[in-house]
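Single-structure report; data block below.
Residues: numbered from 1 along the sequence shown.
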Amino acid sequence: MKIVLIKINLILLLLTSLSGKNLSYESISNDISYDIYNIDINNDGLKDIIANNKNGNELLFYTNKHNKFEKVYSGKNYSFDGIYSLVKIKEYKEGDNILYIKTVFNGAGGEIREYFISYVNNNWKLNKSISTYSTYLKIKVCIFNNSKNNEKCINIKNEDNNFILAITRRLKKKLDISFISREYIFSLLNEYRLLPVNLTPYNNLAYYLEQTGAYKESIYLLKKILEKYPNRIVAYINLGDAYLGNKQKDKAIKAYKKYIELMKKTGKEKKIPKRVLELVNDSKTLSKNQSQTTSYIVKHSSD
């Protein structure tokens, strides 16, 4: 089956004028044919409403206006006449993104389509879409980037029955570096959960992202790893390296300090790299000198 990626007019467009029947939130709130999601869709800190008609092709947005919900968007035929089923809607706030939608093909081939919706200048629009088509031997992934109006596809051999391991091997060879965005990492984490069997492959993926200069992507993945596995020692040194590469020295030192603390607790102090110790010690010396300078200024300014 040929993968056809969604272009800007195929699911969520810029906010358009509403037409058709007037479906107020009150009229659908108790209707079991709708799935209701409470998600902030306009970044005002209030929970809005997304309604998905399970029996049809409607996707409705209602914004929260003083605890009353006003319809602002009505999407039609997002399932392409029943070819795809919507299986997940969830909040995704990274960059300009606010929303993630996942659909699956209702037939053989196991195609998955995922959409990342952004909210910019009071408009909702498609930011990126990811289409994944699996066979026994390989997985084809295509990403459409709306802001650049381009599409990239890669074919990955599904070796060792571990897709994360297969991606990491390609990244180690400096392949597909620009392909692995934070959106794609989010997609991977949804499809291949952060379980113990995937922990090392994910950590290695984050390491090679850092090594190839994809610092923001590496930081994003390492933070996800540490949210679930806070005692994952190696992730802290990897995070420190990624922060340092991203010119966030203070955060790098904080991650290194946690790494040193855990290494000492587990009796592995002698294995701490010299460069990490030197950077942390230099930061302590600088902090001490700055404190002494401040005390001197305060003392003499009061004389």
Legend entry - Qualifying residues under side chain to side chain donor-acceptor pair (under 3.5 Å), relative to Asp241, sequence neighbours excluded: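 Partners of Asp241 under the side chain to side chain donor-acceptor pair (under 3.5 Å) test: Tyr256, Arg275.
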Inset, instruction - Answer yes or no: is there an ion pair linking Glu70 with Lys65, defined by an N-O contact shorter than 4.0 Å? - result: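 No, this pair does not count.
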Legend entry - Any side-chain donor near an acceptor of the partner, Asp96 and Asn127, under 3.5 Å: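 There is no such pair (donor and acceptor under 3.5 Å, judged by atom type) between the side chains of Asp96 and Asn127.
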Inset, instruction - Report the C-alpha separation of Glu183 and Tyr92 in whole Å, then their side-chain angles, then the decisive distance to 0.1 Å, and conclude whether the side-chain hydrogen bond (donor to acceptor under 3.5 Å, both in side chains) test is met. - result: CA-CA 9 Å; Glu183 289 90 351; Tyr92 174 70; 4.9 Å; no
What heavy-atom pair brings [X] and [Y] nearest, and what distance separates the two atoms?
X: Ile36; Y: Ala51; answer: CD1-CB, 3.8 Å
X: Lys71; Y: Leu60; answer: CD-CD2, 4.3 Å
X: Cys142; Y: Lys140; answer: SG-CE, 3.8 Å
X: Pro230; Y: Leu262; answer: O-CD1, 4.3 Å
X: Asn198; Y: Arg193; answer: ND2-O, 3.0 Å

Is there a side-chain contact between [X] and [Y] in this structure, where contact means two heavy atoms from C-beta onward sitting under 4.5 Å apart?
X: Val72; Y: Asn42; answer: no
X: Asp48; Y: Asn38; answer: no
X: Ile117; Y: Leu126; answer: yes
X: Ile98; Y: Asp40; answer: no
X: Ser24; Y: Tyr62; answer: no
X: Leu239; Y: Tyr259; answer: no
X: Ile177; Y: Leu171; answer: yes
X: Asn238; Y: Glu210; answer: no

Just by distance, do the side chain of [X] and the backbone of [Y] share a donor-acceptor pair under 3.5 Å?
X: Asp31; Y: Ser33; value: yes
X: Asn246; Y: Gln248; value: no
X: Asn146; Y: Asn149; value: no
X: Asn52; Y: Leu59; value: no
X: Asn204; Y: Leu165; value: no

Legend entry - Geometric class of the Phe179/Tyr184 ring pair [parallel <30°, tilted 30-60°, perpendicular >60°]: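 Aromatic pair Tyr184/Phe179 classed perpendicular.
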I'd like to check the side-chain contact (heavy atoms from CB on, under 4.5 Å) partners of [X]; sequence neighbours left out, ordered by chain and number.
X: Lys90; answer: Lys88, Tyr100, Phe186, Asn190
X: Lys228; answer: Leu194, Leu195
X: Asn145; answer: Lys128, Ser147, Lys148, Asn150

Inset, instruction - Report whether Leu277 and Met263 are members of the same hydrophobic cluster (ILVMFWY, side-chain heavy atoms less than 4.5 Å apart, transitive linking). - result: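 Yes, same cluster.
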Legend entry - Single hit among Tyr25, Tyr119, Phe69, Tyr73 for ring-ring contact (aromatic ring centres under 6.0 Å, His included) with Phe61: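 Answer after filtering Tyr25, Tyr119, Phe69, Tyr73: Tyr73.
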Return the [atom1] to [atom2] distance between [X] and [Y], rounded to the nearest 0.5 Å.
X: Ile143; Y: Glu151; atom1: CD1; atom2: CD; result: 10.5 Å
X: Arg113; Y: Leu86; atom1: CZ; atom2: CG; result: 13.0 Å
X: Ile156; Y: Arg169; atom1: CD1; atom2: CZ; result: 12.0 Å

Inset, instruction - State which residues pass salt bridge (Lys or Arg N to Asp or Glu O under 4.0 Å) with Lys265; sequence neighbours excluded, sorted by chain then number. - result: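 Per chain and number, Lys265 pairs via salt bridge (Lys or Arg N to Asp or Glu O under 4.0 Å) with Glu261.
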Inset, instruction - Tell me, with the steps shown, if Trp124 and Leu99 meet side chain to side chain contact (heavy atoms under 4.5 Å, CB included). - result: CA-CA 10 Å; Trp124 291 276; Leu99 189 64; over 6 Å; no
Inset, instruction - Might you work through the side chain to side chain contact (heavy atoms under 4.5 Å, CB included) test for Ile167 and Leu188, ending with a clear yes or no? - result: CA-CA 11 Å; Ile167 291 177; Leu188 289 175; 3.9 Å; yes
Legend entry - Intermediate values then yes/no, side chain to side chain contact (heavy atoms under 4.5 Å, CB included), Leu226 and Arg232: CA-CA 7 Å; Leu226 289 169; Arg232 176 79 178 173; 4.2 Å; yes
Inset, instruction - Go through the steps for Ile89 and Asp35 under the test side chain to side chain contact (heavy atoms under 4.5 Å, CB included), then give the verdict. - result: CA-CA 10 Å; Ile89 298 177; Asp35 284 326; over 6 Å; no
Distance-only donor-acceptor hits, side chain of residues 211-224, under 3.5 Å, sequence neighbours excluded:
from   : atom 1 : to     : atom 2 : distance (Å)
Thr212 : OG1    : Tyr208 : O      : 2.9
Thr212 : OG1    : Leu209 : O      : 3.0
Ser218 : OG     : Ala206 : O      : 2.8

